[in-house]
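See below for the structure under consideration.
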Amino acid sequence: MAPRSRKADVNPFVEETAEAAAKDKLDLGDAASIKRALDEAAAEALQGEGCALDHSVVDTRIAVGAAACLVALVAQFWPAKSPHAWYVLVVCVSSYAVLSATLSLLAALVEKESIARTKPGGGRPALVLSTHLPRWSDRYTLILAPAGGQGSHQKRLASVTATHGLGELVHGDGVVAVERVHRAIKDLLARLAGAQAKEQ
């Protein structure tokens, strides 16, 4: 029997993502762009592991933002002149303030530092993937937790974290090491499954 080639052992998702990442070289002095690229790679790796991404929170933010823009346009282009249209301005300004506050609350209370949410399926609950890269630090932290386990009235569900140096996840030439990010996500999923099995 002929030996299996190394290519046959490579996850096609990792291979395609690595090829795409090689085209996008990062400025190693720009921490924000490095974090953004690592976040995208982590979210894609989560999807590559069979987790369907849930875009409902992002879609809600887009809808609320669009509604705020629509209210501002109505206030700007309402055909009646001020002060005869004062009631329209009051309604529009009040609505805009409420919608802006809603956007802020969504970001602060629901999204927090999350970069991806998944739908339940494949024997897994809905998950939230968060990341953290402190300013002036080279330590990138991945946090994977079941969705909805943060309330004080609920039993705190298991979450798992992994911290990596940027040198482990980004090559010296500015290319994201997609295979390492994928391996880190795979390890987090395995650890989370093990932690949940212990809790049951």
Side-chain angles (χ1 to χ4, degrees), residues 10-11 13-49 51 53-58 60-62 65 100 103-118 124-152 154 156-196 198-199:
V10 175
N11 183 330
F13 167 79
V14 173
E15 193 173 58
E16 290 170 17
T17 312
E19 288 172 6
K23 296 175 187 173
D24 302 322
K25 292 193 176 183
L26 301 169
D27 174 7
L28 296 178
D30 185 358
S33 66
I34 290 173
K35 183 178 186 304
R36 191 178 315 113
L38 288 173
D39 288 353
E40 288 174 5
E44 288 173 3
L46 192 61
Q47 195 171 12
E49 283 297 310
C51 299
L53 296 185
D54 180 5
H55 301 288
S56 59
V57 174
V58 175
T60 301
R61 284 190 64 199
I62 290 171
S100 295
L103 278 176
S104 297
L105 288 171
L106 278 172
L109 301 178
V110 179
E111 278 192 317
K112 299 180 183 175
E113 290 185 328
S114 68
I115 59 163
R117 292 172 172 272
T118 69
R124 294 186 183 116
L127 301 173
V128 177
L129 176 64
S130 306
T131 63
H132 188 58
L133 178 63
R135 192 173 185 185
W136 314 121
S137 172
D138 71 337
R139 309 301 292 170
Y140 178 76
T141 303
L142 291 156
I143 305 126
L144 189 64
Q150 306 300 324
S152 58
Q154 294 173 312
R156 184 165 180 81
L157 299 174
S159 67
V160 289
T161 64
T163 301
H164 301 272
L166 291 182
E168 299 172 46
L169 303 177
V170 180
H171 296 299
D173 58 358
V175 176
V176 173
V178 177
E179 66 285 349
R180 292 180 188 165
V181 176
H182 190 273
R183 203 177 311 129
I185 293 294
K186 193 171 185 177
D187 178 56
L188 283 177
L189 285 168
R191 285 171 51 202
L192 183 65
Q196 288 179 325
K198 286 179 185 174
E199 286 183 356

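We number each residue from 1, following the sequence as shown. Computed from a predicted model, the values in this text were never measured in an experiment. Values below: every heavy atom of this structure, side chains too, minus hydrogens, waters and symmetry copies.
Rounded to the nearest 0.5 angstrom, Lys25 NZ and Ser33 OG are separated by 14.5 Å. Atom CG of residue Leu169 and atom CG of residue Asp138 lie 10.5 Å apart, to the nearest 0.5 angstrom. Atom CD of Glu49 and atom CG of Leu188 lie 10.5 Å apart (nearest 0.5 Å). The distance from atom CD1 of Ile115 to atom CG of Leu38, rounded to the nearest 0.5 Å, is 9.0 Å. Interatomic distance, Leu144 CG to Ser159 OG, rounded to the nearest 0.5 Å: 8.5 Å. With rounding to the nearest 0.5 Å, the separation of OG in Ser104 from CZ in Arg61 is 8.5 Å.
The minimum heavy-atom distance between Pro125 and Thr118, with the atom names listed, is O-OG1, 4.1 Å. Heavy-atom minimum distance, Leu142 versus Ala184: CD1-CB, 4.0 Å. Taking every heavy atom of both residues into account, Leu127 and Pro146 meet most closely at CD2-CA, 4.0 Å. The two atoms that bring Arg139 and Pro134 nearest to each other are O-CD, 3.5 Å, heavy atoms only. Listed here is the closest heavy atom pair of Gly172 and Leu28: O-CD1, 3.3 Å.
In this structure, Arg124 and Leu189 have side chains that are in contact, with non-hydrogen atoms separated by less than 4.5 Å. For the pair Leu166 and Leu133, the minimum side-chain heavy-atom distance is below 4.5 Å. No side-chain heavy atom of Thr131 sits under 4.5 Å from any side-chain heavy atom of Glu113. Val110 has its side chain out of reach of Thr60: every pair of non-hydrogen atoms, C-beta onward, lies at least 4.5 Å apart.
A search for side-chain hydrogen bond (donor to acceptor under 3.5 Å, both in side chains) contacts involving Thr163 returns Thr141, not counting sequence neighbours. Listed by chain and number, the residues in a side chain to side chain contact (heavy atoms under 4.5 Å, CB included) with Ala43 are Ala116 (sequence neighbours excluded). Every residue meeting the side chain to side chain contact (heavy atoms under 4.5 Å, CB included) condition with Ser100, not counting sequence neighbours, appears here in chain and number order: Tyr96.
Among pairs with a residue in residues 183-192, those fulfilling salt bridge (charged side-chain N to carboxylate O under 4.0 Å, His left out) read Asp187-Arg191, at least two apart in sequence or across chains. For the side-chain hydrogen bond (donor to acceptor under 3.5 Å, both in side chains) condition, the pairs that include at least one residue of residues 165-174, sequence neighbours left out, are His164-Glu168. Sorted by first and then second residue, the salt bridge (charged side-chain N to carboxylate O under 4.0 Å, His left out) pairs involving residues 26-39 (not counting sequence neighbours) are Lys35-Asp39.
Looking only at atom types and distance, the side chain of His182 has no donor-acceptor partner in the side chain of Glu44 under 3.5 Å away.
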